[in-house]
Amino acid sequence: MTREDELIQRIEQGDPCAVNELVALFYPDILRYCLCHAPDRSLAEDAAQETFLKAIRYFNRYTHKGKFKSFLYRIAANTCVDLHRKNRKTDIALEESAIEPAYFEPAFEAIRSDMAMKQLVNVLPKNQCEIVLLRFGQGLTMREIAETLHLPLRTVQSRLRSALKRLKTELCTTEAKTASQKEMSGDHKTHHKENRRKETRHEE
């Protein structure tokens, strides 16, 4: 029996402490997911809390078959959609999204990484973006993603392959631009040094 199975069983038996333990078990993952879909950390925290409130509220409708994580992600996805409808704000920059309080949290580096991933996958169509975030941002298996998004497993696999191919192209393009800029910067510095040498000889 997994930790998840044990906690679900205790909740079904009426153990109130098991609810808090279940929330603690999954909260970091759900928060990270919400951070990838919310314009700022405050709204992400609201979405994560709302996700667990809904999960507890509708727990009597849930039949445990070892898929509670998928159940939570479906709720989180719907909650984040609702959040966007209520808060139609433009995505803020990466620097702004990592607001000051996050610097004092142990998970800050992971959160910053998640926000970087969010910016990276913004080039993808929405149906591919969600799969990449769940696979690499949340560590879900392909089967769990299929269950979360209510998609056939083959569809998830196909979209992920297409997404990775596009991301690879985008990264190669970005690297090429960066290399070109560095080369231009190097040529400029060399030219500047050469001019300085000529000026020095002239002064002598």
Side-chain angles (χ1 to χ4, degrees), residues 2-119 121-122 126 129-141 144-145 147-150:
T2 65
R3 176 68 171 155
E4 175 187 315
D5 294 334
E6 176 195 339
L7 291 172
I8 295 292
Q9 186 178 78
R10 285 170 54 194
I11 291 172
E12 290 173 343
Q13 293 171 350
D15 184 351
C17 295
V19 174
N20 293 332
E21 291 178 43
L22 189 69
V23 172
L25 178 65
F26 289 110
Y27 186 81
D29 288 339
I30 295 300
L31 176 59
R32 289 179 64 200
Y33 174 82
C34 294
L35 281 165
C36 290
H37 289 76
D40 60 51
R41 182 174 174 81
S42 176
L43 288 173
E45 289 176 342
D46 289 345
Q49 291 168 11
E50 183 65 21
T51 295
F52 284 100
L53 287 173
K54 289 178 180 177
I56 294 167
R57 189 182 306 144
Y58 301 116
F59 187 79
N60 60 345
R61 302 181 188 179
Y62 170 73
T63 301
H64 186 57
K65 295 180 181 178
K67 300 176 181 178
F68 188 74
K69 184 188 286 188
S70 299
F71 174 68
L72 274 180
Y73 277 112
R74 282 199 298 273
I75 295 175
N78 291 332
T79 301
C80 288
V81 168
D82 292 341
L83 179 148
H84 277 293
R85 286 173 181 164
K86 294 176 182 176
N87 302 276
R88 295 186 179 279
K89 297 178 180 178
T90 305
D91 282 347
I92 57 176
L94 176 60
E95 292 79 8
E96 293 176 286
S97 63
I99 60 176
E100 190 67 21
Y103 284 97
F104 300 100
E105 298 182 13
F108 171 66
E109 288 300 326
I111 291 168
R112 184 167 61 182
S113 175
D114 290 337
M115 300 311 292
M117 177 176 283
K118 177 182 177 181
Q119 288 199 334
V121 300
N122 274 344
K126 187 176 180 180
C129 174
E130 186 74 0
I131 290 172
V132 171
L133 288 173
L134 289 172
R135 182 70 185 95
F136 299 105
Q138 304 305 119
L140 268 66
T141 65
E144 287 173 333
I145 294 172
E147 291 165 356
T148 299
L149 301 179
H150 295 293

Task: Heavy-atom side-chain contact between L35 and R41 under 4.5 Å - done: yes
Open item on the list: Quick check: closest heavy atoms across E12 and F59, and the distance to 0.1 Å?
Closed with: CG-CE2, 4.0 Å
TODO: Taking the side chain as every heavy atom from C-beta outward, state whether Q13 and D15 have any pair of such atoms under 4.5 Å apart.
DONE: no
Open item on the list: Does K67 have more than 12 heavy atoms from other residues, nucleotides or ligands lying within 6.0 Å of its NZ?
Closed with: no
Open item on the list: If I compare all heavy atoms of R57 with all of N60, which pair ends up nearest, and what's the gap?
Closed with: O-OD1, 4.0 Å
Task: Gap between atom OG1 of T2 and atom CG of L7 - 0.5 Å precision - done: 8.5 Å
- [ ] Provide the closest heavy-atom pair for A44 versus C34 in the form atom of the first, atom of the second, distance.
- [x] O-CB, 3.5 Å
Task: Residue from T148, T141, L149 passing side chain to side chain contact (heavy atoms under 4.5 Å, CB included) with I145 - done: L149
TODO: Return yes if some donor-acceptor pair links the side-chain N/O of Y62 with the main-chain N/O of F68 below 3.5 Å, else return no.
DONE: yes
Task: Test: K69 and E147 ion pair at under 4.0 Å - done: no
- [ ] Output the distance between atom CG (L53) and atom OH (Y58), rounded to the nearest 0.5 Å.
- [x] 10.5 Å
Open item on the list: Between the side chains of E130 and K126, is the shortest nitrogen-to-carboxylate-oxygen separation below 4.0 Å, so that they form an ion pair?
Closed with: no
Open item on the list: Within this structure, what is the NE2-CG distance for the pair H37 and L83, rounded to the nearest 0.5 Å?
Closed with: 11.0 Å
Open item on the list: Tell me the closest heavy-atom pair linking Q138 and D29, and the distance in Å.
Closed with: NE2-O, 2.6 Å
Task: Side-chain heavy atoms of F52 within contact of L72, under 4.5 Å - done: yes
Open item on the list: Working to the nearest 0.5 angstrom, can you tell me the gap between T51 OG1 and L31 CG?
Closed with: 10.0 Å
Open item on the list: Rounded to the nearest 0.5 Å, what separates atom CD in E21 from atom CZ in R10?
Closed with: 4.0 Å
Task: Interatomic spacing from SG in C17 to CG in L22 - rounded to 0.5 Å - done: 13.0 Å
